[in-house]
Protein chains: 2
Amino acid sequence: MYTPSTRPVVLDPRGAANICANCEARSQSVCDAVPDSDIARLAAIAVVTRAEPGTTFIQEGDSATHFFNISAGTVRMYKMLPDGRRQITGFSGVGHFLGLAVSDTYAFSAEAIDRVRFCKFSRARVRTLLDDFPAMEKRLLAVASTELVAAQDQMLLLGRKTARERLASFLMLQSRQGTICQGSRSRFALPMSRGDIADYLGLTIETVSRTLTKLRTEGFIEIPSASEIAIRAPGALENLATGMA
Amino acid sequence: MYTPSTRPVVLDPRGAANICANCEARSQSVCDAVPDSDIARLAAIAVVTRAEPGTTFIQEGDSATHFFNISAGTVRMYKMLPDGRRQITGFSGVGHFLGLAVSDTYAFSAEAIDRVRFCKFSRARVRTLLDDFPAMEKRLLAVASTELVAAQDQMLLLGRKTARERLASFLMLQSRQGTICQGSRSRFALPMSRGDIADYLGLTIETVSRTLTKLRTEGFIEIPSASEIAIRAPGALENLATGMA
DNA sequence: AGGCCGCATTGATTTGGATCAACGCGCCGT
DNA sequence: ACGGCGCGTTGATCCAAATCAATGCGGCCT
């Protein structure tokens, strides 16, 4: 349940001007709000870092000194109870922004699932940057609002949906925003383990496995490998997900 | 589960300049970010409205035309599944700001629990106001961040806590932010029904009732009336809430 | 090629909370 | 004062998912 981990590796401690200009994640992230003409200011405060699978790079309760922007890979955010029970509050992929919080400590932990690359920004420096780029502040508000809506959906899922409905919701979400595999366009990769899915959906590994198998035998989905899913009946699965079954 | 309701009553369709200046909720809300010198501009776009108990004044899925600021009473926000299952995503009291969303439809419904007074602001007009008062935009970001942290806590509760731990968490939260009754300072009012508490905690009415009774017989709390609670053992209850029991 | 290890699946049994059912009580309207 | 009704409590039973327990399987190291 809890994996001690290696440390993240800093790739570029003092950002060169081009790291942001050439960043392939920029268009998908809040960094897009800084115009080309000023991109060097952003690059100057960005610290590019890599984290190997399993590495914890944000620890709940630690002093919140940085913001993070994911530029490659997938991250799990989670909270834990003292006895080891874990709730994954979300998965973050390319372009996602982490670390919004008013408090001076992080409210959650974050771990690399696969190999992850992200930019670290000192909070203090971002604050001064925000004063010059109100468009970025607007983007942050939009990000926070979007996440709030997602969080409310997740509360409905955790509080009121059955295991079957939870898996259906999760699969539909992943098919929308997950990594699309070559081949059938309804096919996608699941970078996270069954344990991660269970801790995201408030279930156990066994229930996740059993329910996926059931959805497969009933013809809703295919499971070409443990980390790949193809949706056979998107409409029916969506109905399941929204409790209309 | 679903209560059809009377319509909210508009008290002051065209805000007089003093309605914001004299508003007792202002200091507790985002409106505080508008300085006294400009408060008339805020008042000009505020529509003061009252809603009787049970009135739905935001309907999930409706076109999101307004923001809301609660100035009296308590509100429940919720999402529903087609078959009537309900998840309450939060309760809002004086000073709370509702309606943040990027989407053009509301992501949740909101109902008055007791008699509620709130200010309605057209989104379009707030947007122009925000351009002139970046401090307000910062306040909104702070509000959104705070709610995001609360939402993550609630996900942990819904996904991983036992009924006992959920009630303990809820009672500790209410004792911190709820209406304090006269008498013992550990005593507070619960404006919401057992059904509301159940739908907030992902439980049934029966489990809420039984669990409260158990906490009472075990000496953690007193229940002077169905809508009042006194905490007898705050430390022990907090330990329960955080899973350290 | 073999064996180990971590993840996933599948099966048997248990259980916390849901559901079904009855009753108590305070409040309101007549 | 009475009766009805909505809300809350309490009791009996059920069930979806958790827990306990093997077993399968693929990748990696030697």
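Quick note on labels: first sequence line is chain A, next is B, and so on, each numbered from 1. Because the structure is predicted, anything quoted here is derived from the model rather than measured. Scope of the values below: all heavy atoms of this structure, side chains included, with no hydrogens, waters or symmetry mates.
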Taken to the nearest whole Å, CG/Asp196(A) to P/dA8(C) is 9 Å
Is the side chain of Gln154(B) donor-acceptor paired with the backbone N or O of Tyr200(B) at a distance under 3.5 Å, no angle test? yes
Nucleotide nearest Arg216(B) (side chain, heavy atoms from C-beta), chosen from dT9(C), dT10(D), dA18(D): dT10(D)
I'd like to know if Glu52(A) and Arg50(A) make a salt bridge, using a cut-off of under 4.0 Å between side-chain N and carboxylate O. yes
Is it the case that the side chain of Thr105(B) and the backbone of Ala64(B) share a donor-acceptor pair, with hydrogens and angles ignored and the cut-off at 3.5 Å? no
Without decimals, in angstroms, what is the distance between Arg85(A) CZ and dG16(C) C1'? 13 Å
Of the candidates dA17(D), dG8(D), dG17(C), the side chain of Ser209(B) sits closest to dG8(D)
Pick the nucleotide of DNA chain C nearest each of Arg160(A) and Glu206(A); which residue has the one closer to the 5' end? Glu206(A)
Leu167(B) has an atom CG; how far is it from atom P of dG17(C), in whole Å? 10 Å
Roughly how many Å is it from CG in Leu215(B) to P in dT9(D), rounded to a whole number? 12 Å
Provide, to the nearest angstrom, the distance between the NZ atom belonging to Lys214(B) and the P atom belonging to dG17(C). 10 Å
Taking only side-chain N and O atoms of Thr213(A), does any of them lie within less than 4.0 angstrom of OP1 or OP2 on dT10(C)? yes
If only atom types and distance count, is the side chain of Thr55(B) paired as donor or acceptor with the main-chain N or O of Ala51(B) below 3.5 Å? no
Has Glu165(A) got a side-chain atom pairing as donor or acceptor with Thr162(A)'s backbone, closer than 3.5 angstrom? yes
Within the modelled atom types, does a donor on one side and an acceptor on the other bring the side chain of Arg210(B) and the base of dG11(D) under 3.5 Å apart? yes
Between the two ends of the helix from dA1(C)-dT30(D) to dT30(C)-dA1(D), what is the bend in degrees, rounded to 10 degrees, where each end axis spans five pairs? 40°
Return the orientation label for the Phe57(A) and Phe118(A) ring planes: parallel under 30°, perpendicular over 60°, tilted otherwise. parallel
State which of dT19(C), dT9(C), dG17(C) makes the closest approach to the side chain of Thr204(B). dT19(C)
Between dC25(D) atom C1' and Ile223(A) atom CD1, what is the distance in whole Å? 15 Å
Roughly how many Å is it from CD1 in Ile205(A) to C1' in dG6(C), rounded to a whole number? 11 Å
Would you mind reading off the distance between Leu203(B) atom CG and dG8(D) atom P, rounded to a whole angstrom? 15 Å
Given the ring of Tyr78(B), does Arg86(B) sit roughly above its face, with NZ or CZ under 6.0 Å from the centre of the six-membered ring and within 45° of the axis? yes
